[in-house]
2 protein chains.
Amino acid sequence: MSSAELADASGVNAAKVRKDLSHFGTYGTPGTGYDVDFLLGQIRRELGTDQDRPVVIVGIGHLGHALARSQGFVSAGFKLAGLFDNDPRTVGEEVGGLIVRHVSELAELCARERVSVGVVTTPAFAAQDVADQLVSGGVGAILNFAPALVVTPDPVLVRHVDFSAELQVLAFYQAHPEAVRTRETVPPQRREIDSVEHAVEEIDSAKAASARPLGL
Amino acid sequence: MSSAELADASGVNAAKVRKDLSHFGTYGTPGTGYDVDFLLGQIRRELGTDQDRPVVIVGIGHLGHALARSQGFVSAGFKLAGLFDNDPRTVGEEVGGLIVRHVSELAELCARERVSVGVVTTPAFAAQDVADQLVSGGVGAILNFAPALVVTPDPVLVRHVDFSAELQVLAFYQAHPEAVRTRETVPPQRREIDSVEHAVEEIDSAKAASARPLGL
DNA sequence: TTTTGTGAAAGGCTTCACAGCC
DNA sequence: GGCTGTGAAGCCTTTCACAAAA
């Protein structure tokens with residue numbers, strides 16, 4: 001598959017695909033393109049998602065439920081190591097094949113299972129407290145869905161997924177159509193994408209596209 | 001409140017706060033700083049979130065439930081105009097004060113209520129179909145949570161929130177600690193933030209911070 | 001011929017640093 | 001003295017365009 005095909009399938013510029021992949025190594029063949037399966041393996045290795053890193057979810061409300069049951073973990077190279085809540089009505093429930101535990105066990109389990117990422121889906125007021133416990137359990141990264149700022153000591157990474165902010169971005173572009181970066185009008189239509197980090201998705205969707213010639 | 005305080009409260013550089021705000025106008029006073037309430041109003045006006053834009057959610061599974069019940073809409077300047085699903089067991093249920101309707105009514109309601117943004121929380125296989133119906137109902141922007149690429153005709157904006165991609169970014173930085181952009185070590189700790197578009201949040205959190213001098 | 005990998009150019013974003021204002 | 005608004009510098013990302021490889 002050529003860089004142009006990968007680009008079309010994922011919505012980016014072909015030069016960007018080649019440049020991004022070149023940061024990892026020389027995986028393509030001039031005149032032929034890339035071997036998609038090989039590429040997938042290499043990218044997963046580079047991303048560190050080839051070894052099923054353990055993840056916990058804290059806060060098993062509707063959002064926690066949704067994430068726990070999603071297939072997002074397995075396809076992304078993670079495995080669910082634990083679910084936690086502090087509501088006695090939720091603790092003990094089975095979700096996605098795991099029993100929900102009480103948050104009092106959080107730090108200990110994280111340390112024991114060497115949990116890599118903690119996903120915070122609690123209400124805002126509990127987010128920082130949960131993050132602190134994750135950190136004390138040795139978790140190296142936090143994905144925060146709570147609408148609250150979470151701060152951590154230096155080596156611990158935090159990413160914040162902010163639903164309201166996404167809506168506001170859309171509102172902004174609707175209020176200022178002149179600020180919209182025009183999409184190229186060649187088919188297939190493109191979506192915006194951020195950077196190197198989406199490489200696996202690019203490949204995944206390209207692969208899916210090649211498997212189904214006509215739409216979904 | 002000074003740009004330095006706003007910056008600390010939201011995790012960005014003070015010069016960036018000033019530069020970003022300067023794109024909208026001259027709202028600060030040298031020697032004094034910014035009037036937070038005035039600033040909030042101006043930013044909301046610029047973002048176009050001062051007029052309660054109508055939003056629909058399609059796909060009332062756990063994620064749709066979570067979003068429908070969140071306070072994210074009101075605080076961000078939106079209002080829920082409709083909830084849709086195609087499962088007869090879900091249609092008719094009340095969620096967040098609204099009755100879930102059947103997707104067959106989607107396009108019509110969007111047109112009638114002049115819906116601004118459609119939030120897609122369906123399974124992947126349904127996302128493109130739902131997006132098409134949103135577009136035919138005249139919706140101008142789509143926020144897609146389904147793990148599927150959604151394409152739209154040119155003026156319709158799409159934003160994709162990708163849970164797996166967020167996890168993979170964290171995995172990448174854990175696998176490559178040398179690639180982590182070092183945070184400044186001065187207190188208070190900072191989080192990463194993207195750009196101008198987070199201005200309302202910066203202000204919101206700064207305001208909240210000023211209201212509670214000591215933590216949460 | 002087709003397509004890669006990559007220097008170089010272009011473009012954009014962030015930060016610095018300071019004149020000017022309060 | 002403190003702080004804003006902003007030109008200029010620095011840095012990073014994206015795109016172009018082409019020599020080299022198959």
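In what follows, every chain begins at residue 1, and chains take the letters A, B, ... in the order their sequences are listed. A quick note: this is a predicted structure, and the numbers were derived from the prediction, not measured.
Taking atom CG of B:Asn13 as the reference point, atom P of C:dT15 lies 4 Å away to the nearest angstrom. The distance between atom CE of B:Met1 and atom P of D:dT4, rounded to the nearest whole Å, is 11 Å. Look at NZ on B:Lys19: it is 13 Å from P on D:dA9, rounded to the nearest Å. Distance, A:Asp20 CG to D:dT15 P: 10 Å, rounded to whole Å. Rounded to an integer number of Å, the gap from CZ of B:Phe24 to P of D:dT4 is 17 Å. Between the CD atom of B:Glu5 and the C1' atom of D:dT4 there is a distance of 14 Å, rounded to whole Å. Nucleotide C:dG12 holds its C1' atom 14 Å from the NZ atom of A:Lys16, rounded to whole Å. What separates CG of B:Leu6 from C1' of D:dC3 is a distance of 12 Å, to the nearest Å.
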Enumerate all atom pairs, one protein N or O and one N or O from nucleotides 18-22 of chain D, separated by less than 3.5 Å.
unit_1, atom_1, unit_2, atom_2, d
D:dA22, O4', A:Pro30, O, 3.3

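In this structure, a donor-acceptor pair under 3.5 Å is present between the side chains of A:Arg18 and A:Ser3.
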Name the atoms and distances for all side-chain donor-acceptor pairs under 3.5 Å in residues 130-151 of chain B, with sequence neighbours left out.
unit_1, atom_1, unit_2, atom_2, d
B:Asp132, OD1, B:Gln128, NE2, 2.9
B:Ser136, OG, B:Gln133, O, 2.9
B:Asn144, OD1, B:Ala146, N, 2.9
B:Asn144, ND2, B:Ala146, O, 3.3
B:Asn144, ND2, B:Ala148, O, 2.8

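Aromatic ring centres of B:Tyr27 and B:Tyr34: separated by at least 6.0 Å.
Of the side-chain N and O atoms in B:Tyr34, one or more sit less than 4.0 angstrom from OP1 or OP2 of D:dG5.
Within 6.0 Å of CD in A:Gln71 there are 12 or fewer heavy atoms belonging to other residues, nucleotides or ligands. Residue A:Arg45 qualifies as enclosed at atom CZ: its count of foreign heavy atoms under 6.0 Å is above 12.
Note on ring orientation: taking the six-membered ring where Trp is involved, the planes of B:His62 and A:His65 are parallel (angle under 30°, cut-offs 30° and 60°).
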